Protein chains: 2
Amino acid sequence: MTNIFEIAQKAKVSRTTVSRVLNNHPYVKADKRDAVLQAIKELHYVPNFNAVHLSKGKTNIIGVMVPKIDHPFFSQLIAGIGDACNRHGYSLLLHQSNNDSNQELEFFNKLKYKLVDGLILGSTISPPHVLDEMAIYGKIISCEVSESKSIASVFIDHESGLQLALDHLREQGHQHIGLCIGNAKSGVGINRKQSFFNYQQKYQLRWHADWYFDGKYTIEDGIQVARQLFSLPDRPTAMVVGSDYVAAGIIYEARKQGVRVPDSLAVTGFDNQPISKVVELSTIHQPIKELGNTAADLLYNLIHSHDVPSTNKLNLSFIKRNST
Amino acid sequence: MTNIFEIAQKAKVSRTTVSRVLNNHPYVKADKRDAVLQAIKELHYVPNFNAVHLSKGKTNIIGVMVPKIDHPFFSQLIAGIGDACNRHGYSLLLHQSNNDSNQELEFFNKLKYKLVDGLILGSTISPPHVLDEMAIYGKIISCEVSESKSIASVFIDHESGLQLALDHLREQGHQHIGLCIGNAKSGVGINRKQSFFNYQQKYQLRWHADWYFDGKYTIEDGIQVARQLFSLPDRPTAMVVGSDYVAAGIIYEARKQGVRVPDSLAVTGFDNQPISKVVELSTIHQPIKELGNTAADLLYNLIHSHDVPSTNKLNLSFIKRNST
DNA sequence: TTAACGTATGGTACGCGTTTCAGAGCAACC
DNA sequence: GGTTGCTCTGAAACGCGTACCATACGTTAA
C-alpha cells in the first residue's frame, strides 16, 4: 500500500506538505499542490483513517446505544441521530444492548478505548455511578431522564403528554378513565403511572383497579386488554394507552365485538406511529426524530467544548382523530 | 495518558511482553504476567484501539448502509445484523444514505479508508461498476439481488414471493391485477417488477399502464394511489403492493370512499408488519431478521477467508387475511 | 534601513501497539 | 554428547499521518 511518504517522494516534497494538501491547509503553493495531487492520482493513494485517528486523538465517530434496534421508538431515534451525523460529518457506531448490563459495559468501552468521541444513550439500565465513571473518558448524552450529574440529557416530557390526553378526555366529559402502559418499572413507566394517578386525584376521577394494565406492548396484547375490558360489569368510558400498537389492538377488537369507538369506549394512544392514522386513533405525538437530532447536536457541541444545558425537555402535542 | 511503554517500565519487562499479556499470548511466565497486570491496574492503563487498528490493519467493525433507518424493513434488518455482531464481537457502523449516491460514496469510503473491515448493503442505488471498484478494498455483502459479480448477496426470493401472491389472486379469479412498488431502481424494485411482468405474460393477464405505481413508501402514498385508482374508468380488481404501509393506506382510503375490500378491490401487502393484522391485510411474510443475521454471518466468513456461496436465497410465506 | 509580519516548506518527534526476528535457556530424544 | 524442538523474552521495525518548531524568503511599515 502506498502512503504519504511515497507520495512525498514522487512529488518531491515533504510528508508535511502532503499532509497539508490532504487537509486543505492554505500555505501550499499551487505548483506543489498540483504535484502532490498528481502523485496521489498516479499511485492510487488511499489515506488510512486509523492512522489519522491515532494521530489526531479523535475519530469523528459517535456511539449510540439502544436496547432494541427494531422498536419503532428507537429506530426513529436512531434515524434522527443519523440525520444529524450526516449533517455534521460524523459516523455512527450502533450498539444493541438488549438491556443487558454486560453489553452496556462492552459499549462504554468503545469510549474508553477511544473508538468513539462521545456517546448517546437511547436507554440504559446502568446505575448512575457507572455513567459517572465513564464520563471521564468523554462526553455522554442521555435520551431519558438521568440521575447522573455528570451527563447531559434530553428527553420527552411524558408528564405533560399524559396531561394533554387526560385534559382532552375530561373536556369530552369522561370521568371514568383507565390506564394501560408498557414496562411499569422503566423510568418512563414509573413516570407515566405517577402522573396519571396525580391527575386522577387532582380531578377526583372515579377509579377501579380493573382499569389498570401494564406489560402491554403489542397489538395482540391490546386485543387481550380489550377482551378483559369488555367482560367487566363496570368499565371505563375511556382508556389512556401508552402505545399506539396496543391501542390499535383494542380498537381492532372493539370493532370485532361491535363496541363503538369512541361512543362506548374512547381510546388514546402514544407515539403517533403510522398505524394510528389507519385506525383513526387520537394519540400523542412525540418528536422522536427531533429527540435524536437534538441529542446529536448537543453531543456535537459538547465535543467541541461548547456549553449546553444539562437537561433539555421536548414538548408533545395531542393529535385528535376519531377514537375520542 | 499512560501507554504500554510505561506499563513495560513499571513491570520491568519489554513492550512486547506487555502486548503478549494484553493479547493472552501463551508464552508469558506467570510472574511477568502478574507484574504486568499489576502495573496496568496501578496506572489505570487504557488501551488505545486506534493504535491497535492501525497496527493490525483491521478494526473489527463492519459498515451497514440503509436508505432509511426508521423504515420497518431496514430497522429489522439492522437488528438482525446487530445480533450477529454481538455474537461475533464485531461493532456496527451504521450509515443512512437516503438513496443519495453521494452519501453512498461517502459510506464506501469507510471501507477504502480502512475504517471498517467489510460492508453490508441494505439497499443501494450505485451501479455495479462502483461496487466492483469498492470490492477491491474489502468484502461486501448485498442484501438484495446484485448485478455485481464481485460481491456476494443474500436476499429474499421476491420472485417466488410475488408468485405466491399472484397465484393466490388468480385462484380467487382475478385477471386484472395492478402493481405498486417502492424504489423502482433498487435491486428489489427491479426484481419485483420483472417477476410481475414475467408472471403476467405467462398467464396472459390483462394489463394497463395506469395500474402501475412506484416510488410509494408510506400510508399517505397509499392513500394517493387509492385515489388515483378509484378515479380510473377501467381499474384492476386486485393490487399487489410492495409494502404493508402503502397497502394499509389503500385500504384506509377504500373504506373511506366506500369501496369494498376485497369484493371491489383485493389488496396484498408485503412484510407482515404489525399493521397488516389490524387492517386484515393478506401479506407476504419475510424473514427479515434472519436476512440480517445471514448477511452478517456471510460477511464474517468472508473476512476470515472462508468461502461462501455467492448467492443465498431465503424463502417467504403467504399469509391470508381478509383483504383478498 | 531595520524590525515585524505573513507565506511557504521541511525535519522530526509523536500518537501507540503489534509483529518479526534473533537468541537464550532447558528438556527430550537418538 | 549432540541435535532437535519448545518455552520465554526483548530489540527494533512497522503501520501511517499530524503537529510543533525552525527556517527562509518576500513584503510592508516605522
Side-chain angles (χ1 to χ4, degrees), chain A residues 1-40 43-61 109-117 137-138, chain B residues 1-40 43-61 109-117 137-138:
Chain A
M1 276 295 107
T2 84
N3 53 32
I4 55 165
F5 182 70
E6 289 178 42
I7 301 298
Q9 282 192 315
K10 180 141 189 130
K12 297 197 172 56
V13 296
S14 71
R15 287 148 68 199
T16 309
T17 300
V18 177
S19 176
R20 287 201 182 95
V21 172
L22 290 170
N23 291 284
N24 292 312
H25 192 285
Y27 288 172
V28 183
K29 280 210 175 145
D31 56 336
K32 305 241 173 196
R33 162 164 278 122
D34 292 344
V36 169
L37 291 175
Q38 183 65 23
I40 286 175
L43 297 180
H44 300 106
Y45 168 71
V46 173
N48 184 324
F49 269 28
N50 292 130
V52 177
H53 294 165
L54 173 59
S55 186
K56 289 202 172 167
K58 59 176 190 152
T59 60
N60 283 1
I61 304 176
N109 280 339
K110 316 276 183 207
L111 182 65
K112 213 167 160 181
Y113 298 162
K114 294 183 190 296
L115 207 94
V116 298
D117 295 344
Y137 296 109
Chain B
M1 275 293 108
T2 84
N3 54 30
I4 56 164
F5 182 71
E6 289 178 42
I7 301 298
Q9 283 192 316
K10 179 141 190 130
K12 297 196 170 59
V13 296
S14 71
R15 285 147 67 200
T16 310
T17 301
V18 177
S19 175
R20 289 200 181 96
V21 171
L22 289 172
N23 291 284
N24 290 313
H25 191 288
Y27 288 171
V28 183
K29 279 209 174 144
D31 56 336
K32 305 236 172 197
R33 163 164 277 121
D34 291 345
V36 169
L37 292 174
Q38 183 65 24
I40 286 175
L43 297 180
H44 299 104
Y45 169 71
V46 173
N48 184 325
F49 269 28
N50 292 130
V52 177
H53 295 165
L54 173 60
S55 187
K56 290 202 172 166
K58 59 175 189 152
T59 59
N60 284 0
I61 304 176
N109 281 339
K110 317 275 183 206
L111 181 66
K112 214 166 160 182
Y113 298 163
K114 294 184 191 294
L115 206 92
V116 298
D117 295 343
Y137 298 109

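Throughout, a chain's letter reflects where its sequence line sits, starting with A, and its residues are numbered from 1. Remember, predicted model here, so these are calculated numbers, not experimental data.
In this structure, B:H53 and A:L115 approach most closely via the heavy-atom pair CE1-CD1, 3.0 Å. Between A:R20 and A:Y27, the closest heavy-atom pair is CD-O, 4.2 Å. The two residues B:L43 and B:T2 make their nearest non-hydrogen contact at O-CG2, 3.5 Å. Residues A:V21 and A:V28 come closest through the heavy atom pair CG2-CG1, 4.0 Å. Residues A:I4 and A:V18 approach most closely at CG2-CG1, 3.7 Å, considering heavy atoms. In this structure, A:V36 and A:V13 approach most closely via the heavy-atom pair CG2-CG2, 3.8 Å.
A:V28 comes within 4.0 angstrom of sugar-phosphate atoms only, judged by non-hydrogen atoms across all strands, and of no base. Among the atoms of the strands shown, only primed sugar atoms or phosphate atoms (P, OP1, OP2) are found under 4.0 Å from some heavy atom of B:V13. B:N23 comes within 4.0 angstrom of the backbone, heavy atoms only, and of no base.
At whole-Å resolution of the value, CD1 in B:I4 and C1' in D:dG10 are 12 Å apart. What separates CG of A:N50 from C1' of D:dT18 is a distance of 15 Å, to the nearest Å. Rounded to a whole Å, the CD1 atom of A:I7 is 9 Å from the P atom of D:dG17. Here D:dA24 presents its P atom at 19 Å from OH of A:Y27, a figure rounded to the nearest Å. Going from atom NE2 of A:H25 over to atom C1' of D:dC20 covers 12 Å, rounded to whole Å. A straight line from NZ of A:K58 to P of D:dT18 spans 12 Å, rounded to a whole angstrom. Summarising the geometry, the separation between CG on A:N3 and P on D:dC16 is reported as 5 Å, rounded to the nearest angstrom. The CZ atom of A:F5 sits 16 Å away from the C1' atom of D:dT18 (whole-angstrom rounding).
Comparing the helix axis at one end of the helix from C:dT1-D:dA30 to C:dC30-D:dG1 with that at the other, each defined from 5 consecutive pairs, gives an inter-axis angle of 40° (nearest 10°).
The nearest heavy atom of DNA chain C to A:P26 and to B:S19 marks one nucleotide each, and the one closer to the 5' end goes with A:P26. Ranked by how close their nearest DNA chain C nucleotide is to the 5' end, B:R20 and B:Y45 are led by B:Y45. The nearest heavy atom of DNA chain D to B:K32 and to A:F49 marks one nucleotide each, and the one closer to the 5' end goes with B:K32. Positionally, the nearest nucleotide of DNA chain D for B:R15 lies more toward the 5' end than for the other of B:R15 and A:S55.
Using modelled atom types, no side-chain atom of B:N23 and backbone atom of B:H25 make a donor-acceptor pair closer than 3.5 Å.
Sorted by first and then second residue, the side chain to side chain donor-acceptor pair (under 3.5 Å) pairs with a member in residues 3-17 of chain A read A:K10-A:E42, A:S14-A:T17; sequence neighbours excluded.
Using a 4.0 Å cutoff to heavy atoms of chain A, the contacted part of DNA chain C runs 5' to 3' from C:dT7 to C:dC16.
Phosphate contact (OP1/OP2 of D:dC16, side-chain N/O of B:Y113, threshold under 4.0 Å): absent.
Between B:K114 atom NZ and A:N48 atom CG the span is 6.0 Å, to the nearest 0.5 Å.
Of the candidates D:dG17, D:dG10, D:dG15, the closest approach to any side-chain atom of B:T17 belongs to D:dG10.
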Before giving the answer on side chain to side chain contact (heavy atoms under 4.5 Å, CB included), spell out for B:Y45 and B:L22 the whole-Å C-alpha distance, their side-chain angles and the decisive distance to 0.1 Å.
CA-CA 11 Å; B:Y45 169 71; B:L22 289 172; 3.9 Å; yes
